[in-house]
Each structure stands twice: as structure tokens, then as C-alpha cells.
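Residue numbers begin at 1 in each chain, while the letters A, B, ... track the order of the sequences.
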Amino acid sequence: MIPDLVIYNTLTRTKEKFEPLVAGRAGLYVCGPTVYSDSHLGHARPNITFDLLYRYLTFLGYKVRYVRNITDVGHMEDEVEETGEDKISKKARLEQIEPMEVVQKYMNSFHYNMQQLNVLAPNIEPRASGHIIEQQLMIDSILKNGFAYEKNGSVYFDVEKYNQQYQYGKLSGRNLDDIKTNTRQLDGQSEKKNSFDFALWKKAAPEHIMRWPSKWGEGFPGWHLECSVMSTKYLGEQFDIHGGGMDLTFPHHECEIAQSTASLGHESVRYWMHNNMITIDGQKMARSLGNFITLRELFTGSNKLLQQAYSPMTIRFFILQAHYRSTVDFSNEALQASEKGLERLMNAMKTLEELAPAEQSTVDISAIKENCFTALSDDLNSPVAIAHLFEGVKIINSVKAGTEKLSASDLAEMKSFYSNVVFDILGLRAENIGGSAQNEVLSGAVELLISLRKEAKANKDWATSDRIRNELNTIGIEMKDTKDGVEWKLK
RNA sequence: GGUUUCUUGGCCGAGUGGCUAGGCAGCGGUCUGCAAAACCGUGUACGGCGGUUCGAAUCCGCCAGAAACCUCCA
């Protein structure tokens with residue numbers, strides 16, 4: 001009853017049915033972060049998108065191996081830094097600490113942010129610095145196959161030569177002639193045969209902190225090599241899905257294809273998936289543009305652009321409410337809308353647990369279920385799946401109000417369906433469960449105030465009852481009278 | 001300049017050759033000592049101009065505007 005999963009393959013620019021290389025198993029590689037500063041909202045997108053994919057594949061019964069790398073060698077900053085030092089060593093200099101200390105610090109904060117967002121850990125999280133030997137071996141094989149050349153202690157990929165035999169640019173829809181006429185001339189490129197050649201191994205300048213020995217001299221691996229190496233090491237020379245941000249399509253993923261092909265004689269990736277960007281005022285949010293909001297700032301509200309703090313689940317829901325291949329524009333209004341929508345959904349989840357079964361159902365729930373899975377199977381259309389969930393919310397609330405009825409079996413089906421989709425697949429979780437706050441002392445104190453207020457209300461002493469509510473509100477505890485008693489939560 | 005893509009109601013955001021996406025806000029109502037919340041109901045939009053078609057917001061062309069990539073980037 002769940003339709004076949006169809007995913008959009010950047011390579012063919014069409015939606016294709018997902019057919020794994022090995023029946024029942026799925027191999028997934030996703031480009032992870034370069035850990036040199038705090039993660040921002042933009043980083044949440046691919047991680048949540050591919051977390052959804054991972055969760056959905058798992059739900060569909062695949063045994064998934066999910067590999068997501070940590071880039072801890074650093075990428076070149078040719079334009080900004082004429083010295084050509086990499087991001088990590090630059091940051092290390094600024095903070096006067098070891099490069100690996102920078103890496104550890106921001107890797108930890110990245111992991112923490114991902115946990116907050118309920119992003120599952122990958123099965124393998126390889127680091128570029130831990131695969132220097134493997135990278136050198138791949139360079140060897142590319143050299144041996146004649147698609148690279150050494151110059152002054154650096155090794156470059158020979159794009160023109162590669163393009164004679166294979167097709168450079170197939171992923172991003174470019175051809176070499178266009179690239180030739182349009183590539184900007186950059187400094188320090190005299191070593192390369194052509195400006196569009198890229199480094200496989202780069203000789204380390206004396207001041208460059210991160211360096212490893214090699215047969216070409218001390219240096220460090222090129223920008224694109226780690227992914228080719230680590231994906232095939234852990235998933236095989238050919239594997240199912242490679243994901244990442246759209247901005248990585250060219251040159252990063254294009255170069256990955258070239259490296260793997262030049263080394264192995266064939267491509268490795270069967271389905272390329274790319275998530276779109278998060279924009280702010282219509283422009284891409286990026287570290288380099290300086291228009292980013294870190295996840296920590298979002299969760300605490302400490303950024304001038306933010307009118308309030310937004311919880312991790314609000315951020316997750318916000319991202320899931322847009323299709324992963326569309327841009328999604330940041331705004332306080334949009335996030336507040338997501339916050340309220342999520343609250344409505346989660347309240348319905350709670351209500352669902354409390355519903356009493358009836359003899360017979362007065363509504364058909366099968367359509368919602370089917371529509372929801374149809375949407376998810378259609379290239380992970382989470383916004384449409386969520387829309388169908390909200391149709392169910394209406395039913396749940398109507399049952400609670402007594403205008404509709406659900407049989408015991410339908411009710412059980414609804415419970416498992418909502419739990420599957422909301423918790424397991426979309427990866428949402430309940431937040432702000434006030435009454436059962438972790439802190440028992442606080443709970444006890446608030447319960448006492450609630451009972452005092454109840455007495456005041458019984459005596460129609462509105463001044464006292466309002467005072468308790470208002471002053472708690474000032475302190476940061478929100479108290480609400482509902483039909484079923486008093487609810488409270490930390491704001 | 002090249003490559004790719006986008007333009008949907010007050011805001012966000014799906015989708016589609018003919019059948020109300022959804023959320024938020026607004027409005028009306030229910031509930032309530034008050035407040036807040038919650039719940040129910042409610043909106044007929046697809047950049048402009050042409051073309052194809054019985055019929056287009058959906059296909060084609062042109063125009064306008066925007067973005068991503070071409071340079072590290074999620």
C-alpha cells in the first residue's frame with residue numbers, strides 16, 4: 001500500500017524509482033560540515049533533509065548504511081586569503097589553538113545542534129584527516145591512469161585529458177568549452193595546465209599548519225578528494241545515493257565524479273540528491289555572505305534579526321514544511337507560523353492518545369494515510385505529507401468534540417500511523433511538556449500555587465488568582481485554565 | 001556573459017491541463033469570572049503579453065523581475 005519511493009536524480013534531472021544496488025539495503029553518503037565555526041540555519045537543511053531520507057528508507061524496511069563525513073582538513077580560500085591557507089588553520093591562528101582543537105570544538109557543537117534537532121547520527125562519520133593514506137592511494141591510481149600530473153610538490157587533476165575520454169560537467173550541465181571561456185583567472189594558478197584543473201594534493205606553504213608527508217612532499221589533500229575516497233571506502237565502488245547542498249553540485253560533486261571515474265574507470269554514485277538553500281531576504285544564507293544566524297542563536301533568540309527564540313522542533317518543522325528542492329525563505333513571520341502549526345499538530349497527537357473508541361467510525365481515515373505515504377514516496381514531499389496530517393488533526397479534534405467517531409481499530413490505526421509519521425519519519429518530538437517538568441522541586445512549587453489559585457477562584461477572589469497567574473507569567477511560567485484543569489509550562 | 005532554476009491569495013508554502021493543498025494571520029462563532037489558549041467555520045490566488053487547447057495558473061514563445069552555480073560554501 002505504500003507506493004515505491006521515487007527520488008529526483010540531479011544526474012538525469014528526472015524523478016526515478018529508487019532501486020537499490022543490493023536488495024533490501026541502501027547506501028547513503030552525504031557531505032557533512034567543515035568544522036571551523038558554529039553551525040547556522042543553512043546547515044540544518046541538508047541534515048534534516050537527509051535525516052528524513054534516512055528515516056524513511058529505514059521505515060520502508062531498508063537496512064541503511066548512512067555515511068556523513070566531517071571535513072576537518074579545511075578548504076582553500078584562494079580569493080580571500082592570498083596565502084592560500086585553509087579555513088581551519090586560519091581560525092586556529094586567530095584563536096591561538098591547535099587546528100585539531102578547533103575541529104574538536106566545532107564538531108562537538110555540530111553534534112550537539114544535530115541532537116537538538118533530533119537528527120539521527122549517521123552509521124559512520126569519517127573524517128578527512130583520518131583518511132590521508134587512502135586519499136594518497138587514490139591520487140596514485142589517478143596518476144597511474146594518466147588523469148593527473150605533478151608540479152612542484154602538488155598534484156593536479158587533468159580535466160581536459162579526462163574530458164577526452166569521459167564527460168566533465170555532466171552533473172551540473174556544463175561543457176568544458178563553456179567552462180574554458182568563463183572561468184575567471186585566479187592568482188597562483190600558473191602551475192596548472194588549465195585554470196579549471198583542480199588540486200588532488202597541494203604542497204603546504206611553510207606557514208600552513210595542517211600538513212602530512214607524502215611522496216610529493218609535505219602537503220594536504222585537495223578539496224574534493226575526501227568524499228570520493230570515503231564514500232567508496234565505506235559504501236563500495238558503486239553505491240546508491242549521494243546527497244548534499246545544491247551549491248556543492250559544481251564544482252565539488254562534479255570533481256568527485258571525475259576523480260572516482262578516473263580512478264575506478266566508472267562512476268560510483270547512482271542517485272545524486274541536492275537540497276536547496278535557505279534564503280534570507282531572498283538571498284542565500286551563507287557564512288561567507290555574513291547573513292547567517294547560528295542554530296544556537298535561533299534556539300536562544302540572541303540575534304538582532306530574531307524577534308524571539310525558536311525551538312529546535314520549530315526549526316525542524318519549518319524546514320520540513322518546504323520541499324527540500326525549493327528555496328525556503330527565513331522570516332520571523334514564517335517561523336512563528338511554523339511554531340503555531342507544530343503546536344497544533346503536537347496537541348492533536350496528545351489528544352489522539354485520550355480519545356475514546358466508538359462502535360463504528362463516521363470518517364474514513366484510509367485516504368489520509370495513503371495520501372501521506374504517497375507524498376513521502378514522491379521525492380520526500382514532506383510539505384504535502386504534513387498537509388494531510390493536518391486533515392487528520394481536524395478529524396482527531398472532531399472526535400474529541402463528539403462530532404465524529406472512530407472505531408477501536410481505526411483509533412489504533414491512527415495512533416500507530418501518527419506515531420510512525422510524526423515521530424519516526426518526520427523526526428519530530430514533543431517539547432515543553434510543562435506539567436511533567438524535569439525539575440520536581442519546581443513542579444511541586446507550581447502545583448502549590450495552582451492549588452492556592454484554585455482556592456482563590458473558588459472564593460471569587462479574582463485579584464489573587466490573577467496575581468498568581470500574572471506574576472508567574474512575568475517570571476516565565478505560563479499558566480492556562482482549560483476545561484480539563486490548569487496547564488502550565490516554562491516559556 | 002555562460003549554466004540552471006524560480007515568480008502562487010496579507011505572510012509562508014504545495015500542486016496540477018478541467019476536481020477547495022496545508023499552515024499562520026484576518027474575520028465569524030463556541031468555551032471562559034477575566035485573560036490566554038484551544039476548537040469549529042470562513043478566503044478562490046497563481047508576474048506581464050501572446051500562442052496551443054473544448055478548457056491553462058499548469059504546455060510553448062516572448063518580456064519583466066529574482067535566485068543559485070561558474071570562487072570556499074549546506
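- The NE2 atom of A:His252 sits 11 Å away from the C1' atom of B:rC73 (whole-angstrom rounding).
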What does the 5'-to-3' dot-bracket notation of RNA chain B look like when only Watson-Crick and G-U wobble pairs under 3.5 Å count, and pairs to other strands show as |?
(((((((..(((.....[...))).(((((.......)))))....(((((..]....))))))))))))....
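- B:rA64 and B:rG43: their P atoms are spaced 38 Å apart (whole Å).
- Using atom C1' as the reference point in both B:rU7 and B:rC12, the two lie 15 Å apart (nearest Å).
- With RNA chain B read from its 5' end, the first of the two nearest nucleotides for A:Trp462 and A:Ile278 is the one closest to A:Trp462.
- A cation-pi contact links A:Arg174 to A:Phe250, judged by a cut-off of 6.0 Å to the six-membered ring centre and 45° from its axis.
- A:Asn397 contributes no side-chain N or O that forms a donor-acceptor pair with the base of B:rC40 under 3.5 Å.
- Separating the P atom of B:rG26 from that of B:rG18 is a span of 34 Å, rounded to the nearest Å.
- Remark: A:Asp481 engages A:Arg453 in a salt bridge, criterion side-chain N to carboxylate O under 4.0 Å.
- B:rG17 sits 38 Å from B:rU71 when the P atoms are compared, rounded to a whole Å.
- When heavy atoms are screened at a 4.0 angstrom cut-off, A:Thr249 is found touching no nucleic acid atom at all.
- Nucleic acid contact class of A:Ser172 (heavy atoms, under 4.0 Å, all strands): sugar-phosphate only.
- When heavy atoms are screened at a 4.0 angstrom cut-off, A:Gln283 is found touching the sugar-phosphate backbone but no base atom.
- Salt bridge status for A:Lys457 with A:Asp461: absent, with no side-chain N to carboxylate O gap under 4.0 Å.
- Of the candidates B:rU4, B:rA35, B:rC73, B:rU4 carries the atom nearest the A:Arg13 side chain, counting heavy atoms from C-beta on.
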Summarise how protein sits on nucleotides 13-23 of chain B as a single string, 5' to 3': B when a protein heavy atom is under 4.0 Å from the base, S for sugar-phosphate-only contact, - for no contact.
SSS-----BSB
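- In this structure, A:Arg287 reaches the sugar-phosphate backbone alone: every heavy-atom distance under 4.0 Å involves primed, P, OP1 or OP2 atoms, never a base.
- In this structure, a donor-acceptor pair under 3.5 Å is absent between the side chains of A:Tyr106 and A:His111.
- Residue A:Arg469 places its side chain closer to B:rC34 than to any other of B:rA38, B:rC34, B:rA37.
- Residue-to-nucleotide contacts include a donor-acceptor pair under 3.5 Å from the side chain of A:Lys284 to the base of B:rC73.
- Remark: A:Asp281 CG is loosely packed, at most 12 non-hydrogen atoms of other residues, nucleotides or ligands lying under 6.0 Å away.
- Both A:Ala348 and A:Phe318 lie near RNA chain B, and the one whose nearest nucleotide falls closer to the 5' end is A:Phe318.
- Taking atom CZ on A:Phe110 and atom C1' on B:rA74, their separation rounds to 10 Å, with Å as the unit.
- A donor atom on one side chain and an acceptor atom on the other are not found under 3.5 Å apart for A:Asn123 and A:Arg68.
- Residue A:Leu345 is classed as having no contact, given no heavy-atom separation below 4.0 Å to the nucleic acid.
- A:Gly42 comes within 4.0 angstrom of a base, heavy atoms only.
- Spacing between B:rG41 and B:rA36 at atom P, rounded to whole Å, works out to 22 Å.
- Both tests hold for A:Arg325 against A:Tyr8: distance to the six-membered ring centre under 6.0 Å, angle to the ring axis within 45°.
- For the C1' atom pair drawn from B:rC46 and B:rA14, the interatomic distance equals 12 Å after rounding to whole Å.
- When the C1' atom is compared between B:rC39 and B:rC59, the two are found 43 Å apart, to the nearest whole Å.
- In this structure, A:Leu295 places its CG atom 12 Å from P of B:rA74, rounding to the nearest Å.
- We find that CG of A:Asn470 is positioned 8 Å from C1' of B:rA35, with the value rounded to whole Å.
- With no hydrogens or angles considered, a side-chain donor-acceptor pair links A:Ser338 and A:Gln321 at under 3.5 Å.
- Closest approach to the A:His43 side chain among B:rA74, B:rC34, B:rC73 is made by B:rA74 (side chain taken as heavy atoms from C-beta onward).
- As rounded to whole Å, 16 Å separates atom P of B:rA37 from atom NZ of A:Lys350.
- Contact annotation for A:His40: base contact, defined as any heavy-atom pair under 4.0 Å involving a base atom.
- Annotation: B:rC54 and B:rG15 have their C1' atoms spaced 24 Å apart (nearest Å).
- Summarising the geometry, the separation between CD on A:Glu254 and C1' on B:rU4 is reported as 13 Å, rounded to the nearest angstrom.
- Closest of all the heavy-atom pairs between A:Tyr54 and A:Tyr66 is CD2-CD2, 3.4 Å.
- Looking at heavy-atom distances under 4.0 Å, A:Met277 makes contact with a base.
- In this model, no donor atom of one side chain and acceptor atom of the other lie less than 3.5 Å apart for A:Asp72 and A:Tyr36.
- Distance, A:His253 NE2 to B:rC70 P: 13 Å, rounded to whole Å.
- Between the side chains of A:Asn118 and A:Arg429, at least one donor N or O lies within less than 3.5 Å of an accepting N or O.
- In this structure, A:Met246 atom CE and B:rC70 atom P are separated by 14 Å, rounded to whole Å.
- The heavy-atom pair separating A:Gly282 from A:Asp329 by the smallest distance is N-OD1, 3.2 Å.
- As judged by a 4.0 angstrom heavy-atom cut-off over every strand, A:Arg453 is placed among the base-contacting residues.
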